[in-house]
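The structure under discussion appears below in the form of structure tokens.
As the structure is a computational prediction, the values presented were derived from the model and not from experiment. Side-chain atoms are counted along with the backbone in the values below, which use heavy atoms only and exclude waters and symmetry mates. Letters A, B, ... mirror the listed sequences (proteins, then strands); counts begin at 1.
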Amino acid sequence: MPELPEVETTRLGVRPHVIGKPIVRVLVRESRLRWPVSPELPQMLTGNIISDVARRGKYLLFLTECGRMMVHLGMSGSLRITDINKVPRKHDHIDICFVDGNILRFHDPRRFGSVLWLPGESGHELIDNLGPEPLEDDFDGDHLYRLSQSRRTAVKTFIMNSRIVVGVGNIYANEALFLSGIRPDRAAGRISRERYRRLSDDIKAVLGKAIESGGTTLRDFVREDGSPGYFSQQLNVYGRGGETCVRCSQKLTESRLGNRSTVYCSRCQR
DNA sequence: CGCTGACCCTGACGGC
DNA sequence: TGCCGTCAGGGTCAGC
């Protein structure tokens with residue numbers, strides 16, 4: 001489900017509802033996620049206060065005085081703000097209950113997500129070796145060009161690698177490559193510095209616009225209040241295999257790269 | 001070291 | 001109507 005824009009939409013949505021209010025109860029109904037939910041999580045959060053909600057790549061970090069809760073939404077996860085009168089649905093795995101009756105509720109049918117407790121200021125292997133944030137200035141075409149040298153993997157696989165750059169998932173990788181006119185299966189090491197400059201600009205542009213639209217809802221992504229994101233209306237290629245290219249009207253090609261569905265225009269993308 | 005494919009899990013959908 | 005195969009926005013890991 002969530003790529004960077006959906007995670008950022010979630011962060012902005014939940015933030016005002018969870019900051020500065022004592023947590024009175026933490027309920028873990030299902031701890032078997034991608035990794036087991038940290039057993040100390042309820043104890044560490046209860047009586048505690050969240051001071052801010054940050055994001056690193058697709059990880060959300062809920063900051064407190066004694067440590068951080070790190071949440072990943074996996075493929076089907078979502079966080080919603082609800083209240084004690086709302087009966088939990090199937091797959092509502094974790095409730096974080098605040099003193100005012102509001103609840104931060106983690107929902108994840110496929111259980112590929114994770115909820116971990118990082119004590120104190122400690123880092124974690126999952127976030128310590130990530131590439132730059134795509135919307136920050138240290139991510140640019142030169143960065144992509146430098147790391148791509150002598151790499152034979154497909155450029156689409158390359159930009160989806162979180163050690164290269166975080167937050168670019170399957171939807172936005174397809175979209176950015178279309179905007180840049182680059183074939184997804186082109187070897188990463190056989191692309192010019194100039195074209196990587198264009199690609200990094202297009203990655204920033206497509207992620208930025210998706211955040212403005214509240215993310216992309218295809219199946220299960222919902223915002224903190226349960227509403228969908230609207231960026232799917234602006235998708236040029238993702239989910240449009242066999243349909244016509246918006247630029248040249250040729251039929252879009254659909255294939256698989258690294259086991260992920262890949263759509264492009266063989267005329268506009270070289 | 002880089003790359004590929006299997007795998008974790010549930011649910012929706014299309015074909016028969 | 002039901003059964004079966006396929007696919008889905010994530011990432012890790014073993015093996016070559």
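Separating the CG atom of A:Leu33 from the C1' atom of B:dC9 is a distance of 11 Å, rounded to the nearest angstrom. Protein atom CG of A:Leu73 is 19 Å distant from nucleotide atom P of B:dC9, rounded to whole Å. Going from atom CG of A:Leu218 over to atom P of C:dG10 covers 10 Å, rounded to whole Å. The distance from atom CG of A:Asn161 to atom C1' of C:dG10 is 13 Å, rounded to the nearest whole Å. In this structure, A:Asp108 atom CG and B:dC8 atom P are separated by 16 Å, rounded to whole Å. Atom CD in A:Glu30 sits roughly 11 Å away from atom P in B:dC9 (whole-Å rounding). Distance OH (A:Tyr59) to C1' (C:dG11): 7 Å, rounded to an integer number of Å. With rounding to whole Å, A:Glu3 atom CD is found 8 Å from C:dG9 atom P.
Sorted by residue number, the members of residues 147-160 of chain A with any non-hydrogen atom under 4.0 Å from DNA chain B read A:Arg151, A:Arg152, A:Thr153. For the segment residues 251-265 of chain A, the set of residues with a heavy atom within less than 4.0 Å of an atom of DNA chain C comprises A:Arg256, A:Arg260, A:Ser261, in numerical order.
Checked by distance alone, A:Arg110 brings a side-chain donor or acceptor within 3.5 Å of a matching partner on the base of B:dC9.
For B:dT10, the paired nucleotide is C:dA8, the pair qualifying as Watson-Crick or G-U wobble because both relevant distances are below 3.5 Å. Under the Watson-Crick or G-U wobble criterion, with both distances below 3.5 Å, B:dG15 is paired with C:dC3.
Ring planes of A:His107 and A:His91: perpendicular class, angle over 60° (limits at 30 and 60°). In this structure, A:His93 and A:Phe106 have tilted ring planes: the angle between them lies in the 30° to 60° band.
Separation of the P atoms belonging to C:dG5 and B:dC7 is 16 Å when rounded to the nearest angstrom. Nucleotides B:dA6 and C:dT6 are separated by 13 Å at their P atoms, to the nearest Å. The same atom, P, is picked in B:dG11 and in C:dG11; the two are 22 Å apart, to the nearest Å.
Taking CG of A:Leu257 as the start and OH of A:Tyr264 as the end, the distance is 8.0 Å to the nearest 0.5 Å. Between the CG atom of A:Asp108 and the CG atom of A:Asp92 there is a distance of 10.5 Å, given to the nearest 0.5 Å. For the atom pair SG of A:Cys97 and CG of A:Asp83, the computed distance is 10.5 Å after rounding to the nearest 0.5 Å.
For A:Phe112 and B:dC8, the ring-to-base geometry satisfies the stacking test (centroid distance below 5.5 Å, interplanar angle below 30°).
The two atoms that bring A:Gly239 and A:Val263 nearest to each other are N-CG2, 4.3 Å, heavy atoms only. Across all non-hydrogen atoms, the minimal contact from A:Ser114 to A:Trp35 is CB-CE3, 4.0 Å.
Using modelled atom types and a 3.5 Å distance limit, the side chains of A:Ser266 and A:Gln250 yield a donor-acceptor pair. Side-chain contact, A:Ser213 with A:Gln234: a donor N or O sits under 3.5 Å from an acceptor N or O.
A close approach under 4.0 Å does not occur between any side-chain nitrogen or oxygen of A:Tyr172 and OP1 or OP2 of C:dG9. Listed pair A:Lys90 / B:dG11 meets the phosphate criterion, a side-chain N or O lying under 4.0 Å from OP1 or OP2.
The nucleotide whose nearest atom lies closest to any side-chain atom of A:Pro109 is, among B:dG11, B:dC9, C:dT12, B:dG11. The A:His91 side chain lies nearest to B:dG11 when the options are C:dG11, C:dG10, B:dG11. Distance from the side chain of A:Met75 is smallest for C:dG9 among the nucleotides C:dG9, B:dC9, C:dG11.
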Verdict with supporting geometry, A:Asn48 and A:Thr64, side-chain hydrogen bond (donor to acceptor under 3.5 Å, both in side chains): CA-CA 7 Å; A:Asn48 210 337; A:Thr64 80; 3.1 Å; yes
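Note on A:Arg34: a base of the nucleic acid sits closer than 4.0 angstrom, heavy atoms only.
The residues A:Arg56 and A:Glu133 are annotated as salt-bridged, a charged nitrogen and a carboxylate oxygen being separated by less than 4.0 angstrom.
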